[in-house]
Amino acid sequence: MRHDLVVRSRRAVLPDGTRPAAVAVTGPRIAAIEDYGASLEADRDVDLGELALLPGLVDSHVHVNEPGRTEWEGFATATQAAAAGGVTTICDMPLNSLPPTTTVAALEEKRAAAAGKCWVDVAFWGGAVPGNEASLRPLHEAGVVGFKCFLLDSGVPEFPPLDVAGLRSALGSLAAVDALLIAHAEDAAEIKPASGRDFGAFVASRPPIAERRAIENVISAAAATGARAHIVHLSAADCVAMIAGAKAAGVRLTVETCPHYLYFAAEQVPDGATEFKSCPPIRDSVNREALWRGLEAGVIDCVVSDHSPCPPELKALSSGDFGAAWGGIASLQLGLSAVWTVARRRGRTLDDMARWMASAPAALAGLPAKGRLTVDGDADLVAFDPDETYVVDPARLRHRHPVTPYAGQTLTGRVRQTWLRGIPLLEGEGGTPVGQLLKRG
Ligand SMILES: [Zn+2]
């Protein structure tokens with residue numbers, strides 16, 4: 001048979017390991033995976049040689065903010081940044097857009113805002129907030145990949161947090177349809193106000209115990225209800241053992257961490273450098289090492305960006321006041337390189353990268369066609385040079401705003417080309433956004 005595309009690589013990162021292979025694509029899907037030198041008929045035959053062929057990454061934690069706060073980040077800019085960074089599927093968070101995605105009507109508004117603008121595929125999280133329990137099942141049936149909740153103030157008034165009773169009640173409702181709840185786990189009772197330019201004081205204001213107390217509540221509620229729960233953006237590594245224990249006890253719990261917690265350490269952050277502000281915060285290098293060990297041990301399931309930009313003026317860059325600055329780090333385009341830069345030094349492989357940043361987040365979000373190079377899966381492919389180094393130039397980022405703590409960092413590993421369902425993305429000038437709006441399953 002004649003294929004539309006064949007991509008050959010001596011380092012194809014397949015589910016059962018990395019080896020030379022030829023990936024044959026017909027229409028939107030992978031039709032066959034053959035030997036590197038296999039004779040295959042195709043309209044286009046691309047030989048990557050020693051460049052690695054990765055599955056397109058799945059970033060299950062992206063704040064697009066459109067509609068309503070499109071000046072923070074929008075579908076067109078976020079998805080171009082994703083494509084440039086080797087991410088072929090994003091899952092959009094339900095808050096910071098207006099309206100938040102807490103009803104089916106709001107989901108329809110979001111989908112209408114995204115239609116025709118997306119350069120990669122986009123799936124959507126719903127939100128669980130006080131008073132919207134009746135909307136959870138309809139949102140689930142409308143195809144959201146799960147539900148996000150906060151356990152403390154979210155930073156935007158239209159997305160209030162659940163209290164402990166509300167958390168348990170939401171998990172009970174979601175257990176009935178086997179839907180996933182993902183939680184921003186920090187406990188406000190353990191957090192102190194912080195202001196000023198001192199990064200150490202900001203970190204101290206959000207101590208590990210704040211994460212621990214909130215995660216305890218999530219574990220208890222998941223254990224009591226049998227529901228599936230997921231901890232977003234784990235920063236406090238001393239929660240890893242508790243999470244491992246809950247998993248071992250059969251609690252249906254998963255956890256993610258983010259590139260900035262694995263790459264940066266608090267000791268390196270200059271005072272007043274509010275581009276480094278996230279909640280929970282980047283902690284010290286001892287914590288970073290322990291997070292890596294939690295990831296390498298398989299307790300932490302995935303690494304996703306928590307890309308959460310805002311306009312530069314909301315980052316309080318001129319005052320450098322950590323109290324005033326928006327807490328969010330923009331890294332959608334850089335996550336693969338940032339994590340690989342450290343991972344390769346630690347002797348980790350591209351197989352680990354594909355698991356942490358593609359197959360595990362795809363499984364989390366219930367997107368079986370995504371995140372793996374496998375026959376009948378979507379032909380989402382990334383040509384990646386694992387040896388090339390580059391200095392991050394914010395002017396080359398496709399995020400709406402170039403503010404990023406990675407500016408000037410030397411990263412290893414560069415995306416050379418990305419294909420979405422067999423279609424090459426961002427080739428030359430122009431092109432059209434071919435991303436689709438996905439539903440779970
Ligand atoms: Zn987030």
Side-chain angles (χ1 to χ4, degrees), residues 57-66 68-69 72-75 78 81-82 87 89-98 100-102 110 122-129 144-162 180-188 191 206 210-211 214-215 218 229-236 254-264 274-282 300-310 314-315 325-335 338 357 361 364-365 399-401 403-405:
L57 303 190
V58 177
D59 192 336
S60 57
H61 195 149
V62 178
H63 295 268
V64 176
N65 307 331
E66 182 173 3
R69 289 194 179 93
W72 292 24
E73 183 66 285
F75 285 104
V87 176
T89 304
I90 64 171
C91 304
D92 171 57
M93 282 291 164
L95 72 159
N96 302 349
S97 57
L98 293 168
T101 318
T102 51
K110 178 93 86 166
V122 180
F124 299 92
W125 295 100
V129 294
V144 297
V145 294
F147 295 86
K148 170 87 176 278
C149 72
F150 273 69
L151 303 177
L152 82 174
D153 181 69
S154 73
V156 292
E158 67 279 359
F159 200 94
L162 297 178
L180 173 68
L181 185 75
I182 67 174
H184 179 126
E186 287 182 291
D187 186 335
I191 293 175
R206 303 185 89 99
E211 291 186 63
I215 293 170
V218 173
H230 175 80
I231 306 298
V232 296
H233 52 54
L234 180 75
S235 166
T254 50
V255 59
E256 73 190 33
T257 190
C258 305
H260 40 280
Y261 303 127
L262 295 171
Y263 183 86
F264 294 112
T274 49
E275 64 271 28
F276 288 86
K277 180 179 176 181
S278 61
C279 298
I282 293 165
I300 297 173
D301 299 273
C302 44
V303 182
V304 292
S305 70
D306 192 12
H307 178 73
S308 186
C310 66
L314 294 182
K315 254 331 210 175
W326 172 256
I329 285 178
S331 67
L332 184 51
Q333 191 172 327
L334 300 170
M357 302 188 78
L364 176 76
H399 310 155
R400 168 143 294 168
H401 301 291
V403 177
T404 173

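Just follow the structure's listing: the first ligand is 1, and inside any ligand the first atom is 1.
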Checking [X] now: which residues fulfil side chain to side chain contact (heavy atoms under 4.5 Å, CB included) with it, not counting sequence neighbours?
X: Pro161; answer: Phe150
X: Asn65; answer: His63, Arg69, Trp72, Glu73, Asn96, Pro309
X: Pro405; answer: Phe264, Glu275, Phe276, Ile329

- Donor-acceptor pair, Lys315 side chain versus Thr274 backbone, under 3.5 Å? yes
- Exam field: side chain Glu256 to backbone His233, donor-acceptor pair closer than 3.5 Å: yes
- Task: Sort by chain and number the protein N/O/S atoms found under 2.8 Å from the Zn ion (ligand 1).
- Result: His61 NE2, His63 NE2, Asp306 OD1
- Query: Would you call His399 and His307 a side-chain contact if the rule is heavy atoms closer than 4.5 Å?
  - Reply: yes
